[in-house]
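All remarks here apply to the structure that follows.
Remember, it's 1-based here, ligands and their atoms both numbered in the order they're listed.
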Amino acid sequence: MGRPDRMTLPRHHNGSLWFHSLEDLPEPQPPAALPERVDVAIVGGGFTGLWTAYYLNRHRPDLGIAVFEAETVGFGASGRNGGWCMGMADGIEERLHGPERDAGLALLHAMQETVDEIGRVCQAENIDCHFAKGGTLAVATTERHAEGFREYVAAKHALGFTDDDFTWLEPGESARRIGVRPNFGASYTSHCAAIHPARLVRGLGDTMRRKGIAICERTPVRAIAPGRVETSRGNVRADIVLRATEGYTDTIAGHRRRLAPVYTMMVATEPLSADTWSELGLARRETFADGRRITIYGQRTLDDRLAFGGRVGYRFGSGIRPRVEPDDPALADVEASMRALLPALGDARVTHRWGGVLGVPRHGRPFVTFDRAAGFGAAGGYTGEGVGASNLAARVLADLVLERVTPLVELAWVDDMPPRWPVEPVRWLGAKALMTLGRMADRKDLRGNGRSRVAGPLFERLF
Ligand SMILES: Cc1cc2nc3c(=O)[nH]c(=O)nc-3n(C[C@H](O)[C@H](O)[C@H](O)COP(=O)(O)OP(=O)(O)OC[C@H]3O[C@@H](n4cnc5c(N)ncnc54)[C@H](O)[C@@H]3O)c2cc1C
């Protein structure tokens with residue numbers, strides 16, 4: 001596996017460790033000729049688009065489905081992420097502790113089941129995405145974070161969950177499980193799997209091709225109109241059009257300011273020795289984070305690297321770069337956070353550096369919508385938690401399209417549409433202020449001299 005090099009990467013390479021470690025990354029396959037008409041046109045060849053195609057096909061193999069992808073399958077967030085396949089999603093936590101408690105619980109149970117559903121489909125379809133359900137650790141690096149995590153576990157138990165779902169690990173046990181220093185204990189949930197995201201998304205793409213679904217790569221959709229998609233290669237008539245473009249939604253006419261494209265960055269080390277892993281832990285390939293507000297996330301890969309991400313940023317005017325280059329200054333911060341958190345890494349070499357965009361909805365919750373009269377549907381808004389959530393959202397969307405009466409179509413995500421983001425420069429100024437508050441509060445907490453009393457609560461109210 002070579003080191004990323006900006007001069008030699010082909011245009012369809014997203015720069016991630018995951019794309020580098022695929023056995024094969026063939027040139028994108030644009031269609032020789034566009035289909036004139038399909039039953040369902042899906043815009044976006046990431047997890048949301050492909051899972052939706054998968055479940056539509058599973059229930060109705062007779063449907064003519066085409067997926068339109070601007071570059072190549074998995075080019076976006078699905079082929080670049082941290083590989084946490086979580087039994088949790090953004091917005092659920094808030095619902096659990098308010099008047100929407102039952103709706104929140106239904107979503108949380110559905111998300112927990114989703115991790116096993118993904119594992120089952122991978123087995124059934126022979127997709128080897130290095131799936132390991134080792135759970136996830138949230139490690140406390142301050143007393144204050146430990147207090148918060150203990151309260152988090154107690155609140156879950158008050159809702160009827162047991163230690164099998166959420167448990168508190170005392171500092172000694174936590175330090176044995178993961179070499180984060182300092183280590184004041186951790187909350188642990190078993191409902192998370194580590195995966196190789198590009199192997200999953202590319203495997204899904206291959207599965208769908210085998211099932212006869214048309215995957216039109218290098219075919220960006222410019223506009224969606226009732227009954228048709230307008231692509232760079234011409235128009236295609238479709239009874240139903242489903243949008244699955246997440247952080248890239250602004251690229252489609254009429255769909256601007258729906259989801260803000262926000263960057264998150266990742267680095268990965270060389271494969272580490274058994275001695276290093278005996279200090280770092282993660283024997284079950286648990287994924288991990290800590291208690292800071294500007295989230296960090298990590299996983300031990302099957303080939304014994306540490307893949308680690310963090311830091312977020314928004315570019316003026318919802319700007320999107322196809323790829324983040326390895327010398328981007330934001331990546332140095334991510335590497336520094338990783339080394340500070342895990343001193344046992346020593347001088348291990350970082351071999352891969354990349355980043356990508358998430359889709360952030362203004363109300364902070366994923367959504368699924370389908371308007372039968374308009375023949376239009378969409379799913380997304382997962383922020384940084386879409387690896388598992390995109391599977392659940394796709395099953396909901398498929399059920400809505402096929403008019404299947406299932407518990408999934410009763411979930412609170414249905415038609416919970418976010419308002420549009422404000423126009424610039426308000427959007428950029430707001431994002432900048434929010435990130436500054438989050439970083440200030442994190443710095444104060446991590447210095448260990450008390451809790452941030454202004455920036456922290458303000459960040460939590462606004463985000
Ligand atoms: C660096 C990073 C780390 C992350 N880590 C995690 C994690 O560990 N766990 C987790 O749960 N989530 C994580 N996420 C978020 C998660 O990856 C996403 O929520 C999820 O992959 C979204 O899938 P999607 O199919 O909706 O969008 P995407 O995967 O972004 O797919 C959208 C696709 O649409 C294509 N496209 C764009 N414009 C057009 C157009 N006009 N016409 C046609 N096609 C178009 C794009 O090329 C892209 O392939 C991370 C994201 C990033 C960027």
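Nearest non-hydrogen protein atom to atom 34 (O) of ligand 1 is G44 CA, 3.4 Å. In this structure, atom 50 (C) of ligand 1 lies nearest to the protein heavy atom N81 CB, 3.2 Å. The nearest protein atom to atom 30 (O) of ligand 1, hydrogens excluded, is given as A77 N, 3.2 Å; this is a heavy-atom distance. With hydrogens left out, the protein atom closest to atom 2 (C) of ligand 1 is T264 CG2, 3.4 Å, a heavy atom. In terms of protein heavy-atom proximity, atom 42 (N) of ligand 1 is nearest to V221 N, 2.8 Å. Scanning the protein for heavy atoms near atom 32 (C) of ligand 1, the closest one is A244 O, 3.6 Å. Residue, atom and distance of the protein heavy atom nearest to atom 38 (N) of ligand 1 are T251 OG1, 3.3 Å. Atom 26 (O) of ligand 1 has T48 OG1, 2.7 Å as its closest protein atom, hydrogens excluded (heavy atom only).
Here F161 and H109 bring their ring centres to under 6.0 angstrom of each other.
Ligand 1 has G384 within reach: a non-hydrogen atom of the residue lies less than 4.0 Å from it. The closest approach between G247 and ligand 1 stays at or above 4.0 Å for every heavy atom of the residue. Within the 4.0 Å heavy-atom cutoff, P220 counts among the residues contacting ligand 1.
With a 4.5 Å cut-off on side-chain heavy atoms, P322 and F75 count as touching.
With ligand atoms numbered from 1 in the order given, ligand 1 contributes 3 (C), 4 (C), 5 (N), 6 (C), 7 (C), 8 (O) to contacts under 4.0 Å with heavy atoms of G82. Applying the 4.0 Å criterion to heavy atoms of F47 picks out, from ligand 1, the atoms 21 (O), 25 (O).
The closest donor-acceptor contact from the side chain of D250 to the backbone of R257 lies under 3.5 Å. A distance-only check finds no donor-acceptor pair linking the side chain of R37 to the backbone of R237 [under 3.5 Å].
Of the heavy atoms in T287, none comes closer than 4.0 Å to ligand 1. The backbone of R80, and not its side chain, has at least one atom closer than 4.0 Å to an atom of ligand 1 (non-hydrogen atoms only; backbone = N, CA, C, O).
In this structure, the separation between NZ on K211 and CG on D206 is 12.5 Å, given to the nearest 0.5 Å.
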